[in-house]
Each structure stands twice: as structure tokens, then as C-alpha cells.
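Encoded as C-alpha cells, the structure appears first; notes follow it.
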Amino acid sequence: MTQKAFASQADLEEKKVSFTKLSDNAYAYTAEGDPNTGVIVGDDAVLVLDTQATPVMAQDVIRRIREVTDKPIQYVLLTHYHAVRVLGASAYQPQQIIASQDTYDLIVERGEQDKASEIGRFPRLFRNVESVPPGLTWPTITFTGKMTLWLGKLEVQLLQLGRGHTKGDTVAWLPQQKILFSGDLVEFDATPYAGDAYFKDWPQTLDNIAALKPEKLVPGRGAALTTPEQVQAGLAGTRAFIADVYESVKSGVAAGEDLNAVYKSTYARLAPKYGQWVIFDHCMPFDVTRCYDEVTQYPDPRIWTAERDRQMWQALES
């Protein structure tokens, strides 16, 4: 069996970008399963959610924003700490970078290692990586639980609805318009990355999102969901994937199987249903490793380093 190319290093195909208008205030920058960026245009300022992976890549988002508004980009929201989401922040020259306190704590604890790990996994998503300033992207405002931002008369609620993709996940909710920006808590036709996840908590967090009854939703990856039916499909697909990984790993552990055996059986079980989703082969080794950890002995995610990534991949994919 030939070993699969590490993570997404073989993924070199450029994706087509869409800039979808959800309302006069809400836009989704999406690219066929690559990481999405959300844009909220208020009366007096713009909020950008998740920045793209490098300042050079962020310039394309800025170009699209400038096609619809000349208002200043005052705020950047980091829905979580992953490098692919935050390292483009400097391009926007925001007055404030907002994140949950949990996200801030994760940057302190593992930001440097995560940065090195992610750049190694997915070179195409770190185009012009030399444009990233030295060091990490630091929030200037943090909150716990809930923060409300008023962009003029537009109410933007920043909410922590529970742990899932990470412990710091934040969503942005426009209650007046029933539009939700989920970050990587919800994916659509794209495989959830769960290497830093809380499998037991994630389904409940999705239920908490559903309880808001969003009519439109911008997922972390995949097309913008523009009807309540599409929103339900996005939530259901993400929930099913997380539950299926968890059930498969749990039953393997109960049967006394080691990680390698659990990985192979879980991959085989999930591939028919989810194998066509974007980055399935990239995510599965990380997802199953984290789930195995959670089921056995590590309630909190262990830190991924560039070296640990490679060792894990070698052990499971060779």
C-alpha cells in the first residue's frame, strides 16, 4: 500500500472563490471547501470573522469588501485559535481583535506549536507565508460567554455556545436577521477537523446553535447556507459525522483495539458516507487520534507539533 501524501500537501488545486450576500449586512467569502471568512457590515464599521491564513490571502477578502462598502474594517473576530484562521489578521489593520478568553488561553498555551504544525500540513492554504508577521496573532479584547457589539443600530452577539471544534469556539449571531456565523463548529460538504475537539460536547453545542433557529448560516468550510432547510442539513451533517466517529472509536476501544486498529476500522466505516467530503483523508487520522485520546485518557486535546503530526501520520498511514 502506498503511503498517502502527508495531510493536504498533495492538494494544490486552486479553488473558485464566491462572495455571497446574505443580507445588506452579512456576506460569506467561501472557496469550495477551503476555510471561509465572514463579513458583517454595520452602520459605521465592518467586522471580519476569521482572516484567511496569510495577509496576502486576506487581500482578496479586502478587495471583495471594498466592492460593497468603504466603511472601515474596525474589528476582527477569531472564532478560534487555529493558524489557518488567524494569521491573515494584520492585513485588515483592525482597531480591535476579539476572541473568547478560552481562545486567548489556547494561543498562550499552544499557539507557536499550532502555527508550525498547520503550515506544514497545508502549504496551499499558507500562500505567501512570508507575509505573516513574526510571532502570533493576539486578541486585544477577550470575553467569556457572551459579548454584544453594536455596529450602529446593528446588534452583533458573539456567543460561546459550548465546546466542539475547540474549547474556545465563538459564533457571531445577528438576532435581527437570524443569520449565524458558526466558525468550524459547522461544516458543509467538508470534513470537520476534530484534532483539537471535544467529541462528547460537540453535539450539544450544535443543538444550542439550532435552538437559535438561524435562517442562514456561514459554516467554517463549504457553501453559505441560505435557507432554514440548508441550515438544518449543515447542522445534521456535522452532528452525524462527529457522532459516527465517536461511536466507532468507543466501540473499538471497548473491544480492546489499539489506535491503529481503531483508525482502520473507523476509516472503513465512515468512508462510504463521508469519503467524498473535502479534506476527508487529511482529517481522519487527526480526528480518530483525538477521539481515541478523549475516550481513553486525555479529556483535553494534546498539543499538535509538526513532529507529532508526522509521527502520527507515519504510524496510521504506513
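Since we're looking at a predicted model, the values are computed, not measured.
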Take D169 and R163 through the side-chain contact (heavy atoms from CB on, under 4.5 Å) test and state the conclusion after the steps. CA-CA 6 Å; D169 295 329; R163 302 186 302 188; 5.8 Å; no
Which heavy atom in [X] sits nearest to a heavy atom in [Y], and how many Å separate them?
X    : Y    : result
E118 : V84  : OE1-N, 3.1 Å
D281 : P285 : O-CD, 3.3 Å
A91  : A58  : CB-CB, 3.7 Å
K146 : L159 : CG-CD2, 3.5 Å
P94  : A89  : CD-O, 3.7 Å
L225 : G234 : CD1-CA, 4.0 Å

Carboxylate-amine/guanidinium contact D105 K167, below 4.0 Å: no
Whether R85 and D34 form a salt bridge (side-chain N of Lys/Arg under 4.0 Å from carboxylate O of Asp/Glu) is what I want to check. no
How about [X]: does its [atom1] atom have over 12 heavy atoms from other parts shown lying under 6.0 Å from it?
X    : atom1 : answer
Q101 : CD    : yes
K250 : NZ    : no
Q93  : CD    : no

Flag, side chain of [X] to backbone of [Y], donor-acceptor distance under 3.5 Å:
X    : Y    : result
Q157 : L174 : no
S182 : V171 : no
S251 : S248 : yes
R121 : H282 : no
E109 : I303 : no
Y92  : T51  : yes
T54  : V132 : no
N36  : P219 : yes
S117 : A306 : no
S18  : T20  : no

Aromatic plane relationship, H165 with H82 - under 30° parallel, 30 to 60° tilted, over 60° perpendicular: perpendicular
Parallel, tilted or perpendicular, as decided by the 30° and 60° cut-offs, for the rings of F286 and W313: tilted
Would you say [X] and [Y] are hydrophobically clustered, going by side-chain heavy atoms of ILVMFWY under 4.5 Å?
X    : Y    : answer
V156 : L217 : no
I62  : L78  : yes
I65  : V17  : yes
L158 : V76  : no
I40  : V218 : yes

Would you please indicate yes or no on a ring centroid separation below 6.0 angstrom for W202 and Y246? no
Aromatic centroids of F280 and Y267 separated by under 6.0 Å: yes
Is it the case that R308 places NZ or CZ above or below the six-membered ring of W304, under 6.0 angstrom from the centre and within 45 degrees of the axis? yes
Examine the side chains of [X] and [Y] and answer whether a donor and an acceptor come within less than 3.5 Å of each other.
X    : Y    : answer
S265 : R269 : no
N208 : T205 : no
Q177 : S23  : yes
Q113 : T305 : no
T79  : D50  : yes
Q230 : Q232 : no
Y193 : E187 : no
R290 : Y198 : no

Which residues pass the side-chain hydrogen bond (donor to acceptor under 3.5 Å, both in side chains) test with K273, sequence neighbours left out? D244
Using the salt bridge (charged side-chain N to carboxylate O under 4.0 Å, His left out) criterion, which residues pair with D60? Sequence neighbours excluded. R63, R64
When R302 is tested against each of D114, D293, D309, D196 for salt bridge (Lys or Arg N to Asp or Glu O under 4.0 Å), which residue passes? D293
Decide yes or no on side-chain contact (heavy atoms from CB on, under 4.5 Å) for I209 and L185, but give the supporting numbers first. CA-CA 9 Å; I209 289 175; L185 280 168; 4.2 Å; yes
The test is side-chain contact (heavy atoms from CB on, under 4.5 Å); show your working for Y75 and I98 and say whether it passes. CA-CA 7 Å; Y75 303 101; I98 307 169; 3.9 Å; yes
Tell me, with the steps shown, if F181 and T170 meet side-chain contact (heavy atoms from CB on, under 4.5 Å). CA-CA 9 Å; F181 297 79; T170 299; over 6 Å; no
Euclidean distance, L149 CG relative to F143 CZ, rounded to 0.5 Å: 10.0 Å
Between Y29 and Q52, is a side chain to side chain donor-acceptor pair (under 3.5 Å) present by the stated rule, with each step listed? CA-CA 10 Å; Y29 179 97; Q52 297 294 304; 5.1 Å; no
